[in-house]
Structure formats: structure tokens, C-alpha cells
Engineer: 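This is the structure, below, for whatever I ask next.
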Amino acid sequence: MSPKSRLYTLVKAWKNKPFQEVRDACGQPWLGLSGEALEEHQSWSQRQAISNEPIFNSQGTKLTSSLFRPLLTATDSQLLRLFMEGLDTITYWYRSGRFIPGILPMPAQYLASSSFIDALSDLMLNSRLPVGLVSLGMHKLSDIDSMESCMEGLLRMRRLGVLIHLLHFSGTSPQIRLIEEIEPDGIHIEMGQFRADGLPKEMIALGQKFRTQIYASNITLVKDLENVMAMGARHSYGGLMMPPVSRHQMLHLSDSRIAKAIFSLHPHKTQNGDK
């Protein structure tokens with residue numbers, strides 16, 4: 001896989017071992033690896049950091065995607081390298097026969113930088129991942145003066161088939177206006193904020209008001225899971241569902257057994273209101 005631009009050449013200079021593996025995988029199918037190379041690869045994969053948080057449907061019966069957590073706390077100098085690691089992780093699952101969409105968090109202020117978007121575009125083009133497997137999770141919206149500065153970057157990402165998610169949604173008026181403006185593919189709501197005062201009515205109607213997927217995060221108590229069902233969220237993640245795992249462990253996941261067990265023990269209403 002040859003570089004497409006000088007910018008990519010600079011980005012490639014920062015590559016780490018996982019990103020090098022993507023290049024090798026793109027040039028040679030898994031079945032073409034020798035037994036020794038495959039064994040070395042699997043051994044290396046098993047040593048991966050616990051960086052990927054599984055996301056399930058609200059009943060815990062199906063793995064729907066994954067959140068790449070290192071990007072949430074990345075420094076300025078780490079963003080591109082960790083973005084490459086996130087892409088490599090999604091590619092590892094894809095080459096292993098699992099279509100697991102990955103959400104890669106990114107501070108909103110960087111989406112206003114044309115040079116940074118150039119670098120992300122280069123990485124996306126060279127990853128050669130199918131459309132729909134990569135989502136950009138916008139967060140730290142308070143660090144930007146106006147969303148207008150980010151719109152061009154968001155449009156360029158969408159043209160490459162990247163989905164847009166809004167992380168850490170709390171229902172403020174500026175965030176509501178943002179949803180109306182950019183129409184994100186996913187909204188992530190931290191459920192811990194509703195434990196004391198309950199679930200606001202506007203949150204219950206959120207999924208009906210906007211055409212977007214609702215993701216419930218930080219599910220750590222049974223009460224959180226009950227609020228998830230009341231809100232109608234389609235996706236859930238947190239310690240009660242399953243703690244973060246390595247990328248190799250993710251290959252063997254299909255459901256959240258704890259969430260399934262809790263859900264089966266609690267009567268719930270269907271969409272028709274029946275028990």
C-alpha cells in the first residue's frame with residue numbers, strides 16, 4: 001500500500017506496531033500467513049491494552065460497536081497516533097471476519113483545522129475500511145467558539161463514509177441546536193446524571209424528536225438500565241454491560257450476559273405498552 005501524499009508520509013513516520021500490521025494485512029490475506037507468523041501475530045494480539053469498550057443493544061443480546069477509549073484522554077501530540085491505532089483495531093476485526101464498527105473520539109476543536117482534517121482523510125483513505133465501520137465521536141464542544149468552524153471538516157469526513165457521533169450529550173440548549181444543525185448519526189448520553197432527579201421528559205422523547213441512534217453510556221447500576229429502557233435508547237455501554245477489553249478479546253464477544261440476565265428478571269413494557 002503506497003502513500004498517497006506527502007502529508008501521509010509525515011503521518012506514516014509516527015506509525016507504531018499496530019499500524020504497521022494494517023499495512024501488512026492489506027498486502028497479504030490472513031490465510032496467506034505462515035504458521036509461525038500467524039502464531040506470532042496472535043500472541044502479540046493477546047497482549048494488547050484494555051482499550052476497547054464494548055457497546056451492546058439495550059437488552060445486552062448483541063454487540064453493536066466499540067468505543068476506543070484512549071482517544072478520550074489523548075494529548076495533542078498523541079491524537080493522530082492513537083487515531084491510527086483505532087483504525088488498525090477496526091481493521092484487525094474486519095480482517096478477522098468480524099464487522100465491528102468503531103467509534104473514535106475526537107475533540108471538536110481539531111475538526112476546525114484543515115491540516116488536521118487532511119491528515120485524518122489520508123489515514124481513512126489508506127485504511128481502506130468499508131463505509132460504516134468508522135465513526136468520529138465529537139466531544140469537548142465547550143472548547144470551540146462556534147460549530148460553523150467545524151462544519152467543513154465534518155462534511156469532508158462524511159464524504160469519506162465516516163459516521164458522526166456526539167459524545168457526552170446532556171440536553172443543553174446549545175447541544176440541541178447542534179443536533180438540529182449537524183444531524184449526527186449517534187448521540188451518547190451519560191446515564192449517571194439521572195440517578196438523583198430521575199429521567200427528564202425531554203430525554204424520553206429525544207429518540208422520537210431526532211432521527212438519530214441513542215447511545216446510553218456509563219451503565220453501572222440496575223437503575224441506569226431501567227432509565228435506558230424508559231428513554232428508548234438502542235445502545236448501551238458501561239461496567240454493568242461489560243468493562244473494556246482488548247481488541248483480541250473483542251473478537252469473541254457476542255452479548256452481555258450480565259445485562260441479559262438483569263433484563264430478563266425485570267418486567268418491561270414493549271412498544272405497544274404490553275407487559
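In this chain, residues are counted from 1 in sequence order.
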Engineer: Looking at Leu71, Leu166, Leu72, which hits side chain to side chain contact (heavy atoms under 4.5 Å, CB included) with His139?
Structural biologist: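 Of the listed options, the one satisfying the test is Leu72.
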Engineer: Can you tell me how far apart CD1 (Ile219) and CE (Met191) are? Round to the nearest 0.5 Å.
Structural biologist: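 These two atoms lie 5.5 Å from each other.
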Engineer: Is there a side chain to side chain contact (heavy atoms under 4.5 Å, CB included) between Glu152 and Ile117 once you walk through the steps?
Structural biologist: CA-CA 9 Å; Glu152 179 61 28; Ile117 293 297; over 6 Å; no
Engineer: Are Leu82 and Leu67 linked, directly or through intermediate hydrophobic residues, by side-chain heavy-atom contacts shorter than 4.5 Å (ILVMFWY only)?
Structural biologist: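 They do not share one cluster, since no chain of ILVMFWY contacts under 4.5 Å joins Leu67 to Leu82.
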Engineer: Side-chain contact, heavy-atom cut-off 4.5 Å: Phe210 with Glu180?
Structural biologist: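 Yes, close enough: below the 4.5 Å cut-off.
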Engineer: Could you give the distance from OH (Tyr110) to CZ (Phe83), rounded to the nearest 0.5 Å?
Structural biologist: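 Here the rounded value is 14.0 Å.
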Engineer: A side-chain contact here means heavy atoms from C-beta on lying under 4.5 Å apart; do Leu167 and Tyr215 qualify?
Structural biologist: no
Engineer: Should we say atom CZ of Arg158 is surrounded by more than 12 heavy atoms from elsewhere, each under 6.0 Å from it?
Structural biologist: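 Yes.
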Engineer: Can you see which heavy atom on Ser66 is nearest to which on Ile55, and at what distance?
Structural biologist: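 Closest approach of Ser66 to Ile55, heavy atoms only: C-CD1, 4.2 Å.
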Engineer: If you take all heavy atoms of Ala233 and Ala216, which pair is closest and at what distance?
Structural biologist: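 Smallest heavy-atom distance, with atoms named: CB-CB, 4.1 Å.
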Engineer: Locate the shortest heavy-atom distance separating Gly239 from Thr220; write the atom from each residue and the value.
Structural biologist: N-CG2, 4.0 Å
Engineer: Applying side chain to side chain contact (heavy atoms under 4.5 Å, CB included) to Asp224 and Leu240, what does each step give before you reach the verdict?
Structural biologist: CA-CA 9 Å; Asp224 296 335; Leu240 189 62; 5.9 Å; no
Engineer: I'd like to know if the side chain of Asn126 reaches the main chain of Asp122, judged simply by a donor and an acceptor atom lying under 3.5 Å from each other, with no hydrogens or angles considered.
Structural biologist: yes
Engineer: For Met106 versus Leu111, what's the shortest heavy-atom pair and its separation?
Structural biologist: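 Smallest interatomic distance, heavy atoms only, reads CG-CD2, 4.2 Å.
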Engineer: Which distance, rounded to the nearest 0.5 Å, do you find between the OG of Ser217 and the CE of Met241?
Structural biologist: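 Answer for the OG-CE pair, Ser217 versus Met241, is 12.0 Å.
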Engineer: Taking salt bridge (charged side-chain N to carboxylate O under 4.0 Å, His left out) as the definition, give me every residue that meets it alongside Arg234, ordered by chain and number, with sequence neighbours left out.
Structural biologist: none
Engineer: State, without any angle test, whether Glu190 and His168 hold a side-chain donor-acceptor pair at a distance under 3.5 Å.
Structural biologist: no
Engineer: Given the rule that I, L, V, M, F, W and Y join up when any side-chain heavy atoms are under 4.5 Å apart, are Met124 and Val131 in one cluster?
Structural biologist: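 No; Val131 is not reachable from Met124 via cluster members.
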Engineer: Considering only heavy atoms from C-beta outward, does the side chain of Gln213 approach that of His235 to under 4.5 Å?
Structural biologist: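 Yes, close enough: below the 4.5 Å cut-off.
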Engineer: Just how far is it from atom CD1 of Ile100 to atom OG of Ser65, taken to the nearest 0.5 Å?
Structural biologist: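 OG of Ser65 is found 9.5 Å from CD1 of Ile100.
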Engineer: Show, in sequence, the C-alpha distance, side-chain angles and deciding distance for Ser170 and Gln193, and conclude whether the side chain to side chain contact (heavy atoms under 4.5 Å, CB included) test is met.
Structural biologist: CA-CA 8 Å; Ser170 59; Gln193 61 186 307; 3.7 Å; yes
Engineer: Does the Thr212 side chain pair with the main chain of Pro184, one donor and one acceptor, at a distance under 3.5 Å?
Structural biologist: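 Yes, because the side chain of Thr212 sits within donor-acceptor range (under 3.5 Å) of the backbone of Pro184.
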Engineer: Taking the side chain from Trp93 and the backbone from Met250, do they hold a donor-acceptor pair closer than 3.5 Å?
Structural biologist: no
Engineer: Do side-chain atoms of Ser51 reach the backbone of Pro70 as a donor and acceptor pair under 3.5 angstrom?
Structural biologist: no
Engineer: Under 4.5 Å between side-chain heavy atoms, counting indirect links through other Ile/Leu/Val/Met/Phe/Trp/Tyr residues: same cluster for Leu136 and Leu125 or not?
Structural biologist: yes
Engineer: Give a yes or no on whether the backbone of Lys62 and the side-chain of Asn57 come within a donor-acceptor separation of less than 3.5 Å.
Structural biologist: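 Yes; judged by distance alone, with no hydrogens or angles, the pair exists.
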Engineer: Does the pair Arg177/Glu181 count as a salt bridge with the N-to-O cut at 4.0 Å?
Structural biologist: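 The answer is no: the pair does not qualify as a salt bridge.
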Engineer: To the nearest 0.5 Å, what is the distance between CD (Gln249) and CE (Met242)?
Structural biologist: 9.5 Å
Engineer: Would a 4.5 Å heavy-atom cut-off, applied to side chains only, mark Leu154 and Met138 as touching?
Structural biologist: yes
Engineer: What do you reckon, is CZ of Arg159 surrounded by more than 12 foreign heavy atoms closer than 6.0 Å?
Structural biologist: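 Yes.
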Engineer: With side chains defined as the heavy atoms from C-beta onward, is the minimum distance between Leu123 and Leu80 less than 4.5 Å?
Structural biologist: yes
Engineer: Quick one: do Met203 and Phe169 satisfy side chain to side chain contact (heavy atoms under 4.5 Å, CB included)? Show the steps, please.
Structural biologist: CA-CA 11 Å; Met203 284 296 180; Phe169 179 80; 3.9 Å; yes
Engineer: Looking only at atom types and distance, does a side-chain atom of Asp185 sit under 3.5 Å from a main-chain N or O of Ile164, one as donor and one as acceptor?
Structural biologist: yes
Engineer: Are Gln109 and Cys150 close enough that some pair of their side-chain heavy atoms sits under 4.5 Å apart?
Structural biologist: no
Engineer: Which heavy atom of Ser246 sits nearest a heavy atom of Ile50, and at what distance?
Structural biologist: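 Between these two residues, the closest heavy atoms are N-CD1, 3.7 Å.
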Engineer: Measuring centre to centre across the rings, with the benzene-like ring taken for any Trp, is Tyr237 within less than 6.0 Å of Phe56?
Structural biologist: no
Engineer: Does the side chain of Val134 reach to within under 4.5 Å of the side chain of Pro101, using non-hydrogen atoms?
Structural biologist: no
Engineer: Please check if the side chain of Arg98 supplies one atom and the backbone of Leu253 the other of a donor-acceptor pair under 3.5 Å.
Structural biologist: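 Yes; judged by distance alone, with no hydrogens or angles, the pair exists.
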Engineer: For the CD1 atom of Ile258 and the CG atom of Leu225, what is their distance to the nearest 0.5 Å?
Structural biologist: 11.5 Å
Engineer: Grouping I, L, V, M, F, W and Y whenever their side-chain heavy atoms are under 4.5 Å apart, do Ile179 and Leu163 come out in a common cluster?
Structural biologist: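 No; Leu163 is not reachable from Ile179 via cluster members.
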Engineer: Check Thr91, Leu87, Ile90 against Leu133 for a side chain to side chain contact (heavy atoms under 4.5 Å, CB included) and give me the one that passes.
Structural biologist: Ile90
Engineer: Do Ile176 and Ile189 sit in the same hydrophobic cluster, where Ile, Leu, Val, Met, Phe, Trp and Tyr count as joined when their side-chain heavy atoms come under 4.5 Å apart?
Structural biologist: yes
Engineer: Show the nearest heavy-atom pair for residues Pro243 and Pro54, with the distance to one decimal.
Structural biologist: O-CD, 3.6 Å
Engineer: For His188 together with His165, are the ring centres under 6.0 Å from each other?
Structural biologist: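 Yes.
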Engineer: Give a yes or no answer on whether the side chain of Ser135 reaches the backbone of Ile103 with a donor-acceptor pair at less than 3.5 Å.
Structural biologist: no
Engineer: Does a sphere of radius 6.0 Å around NZ in Lys260 hold more than 12 heavy atoms from other residues, nucleotides or ligands, not counting ones at 6.0 Å or beyond?
Structural biologist: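 For Lys260, atom NZ is crowded (more than 12 foreign heavy atoms under 6.0 Å).
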Engineer: Given side chains that start at C-beta, do those of Asp88 and Met84 come closer than 4.5 Å, heavy atoms only?
Structural biologist: no
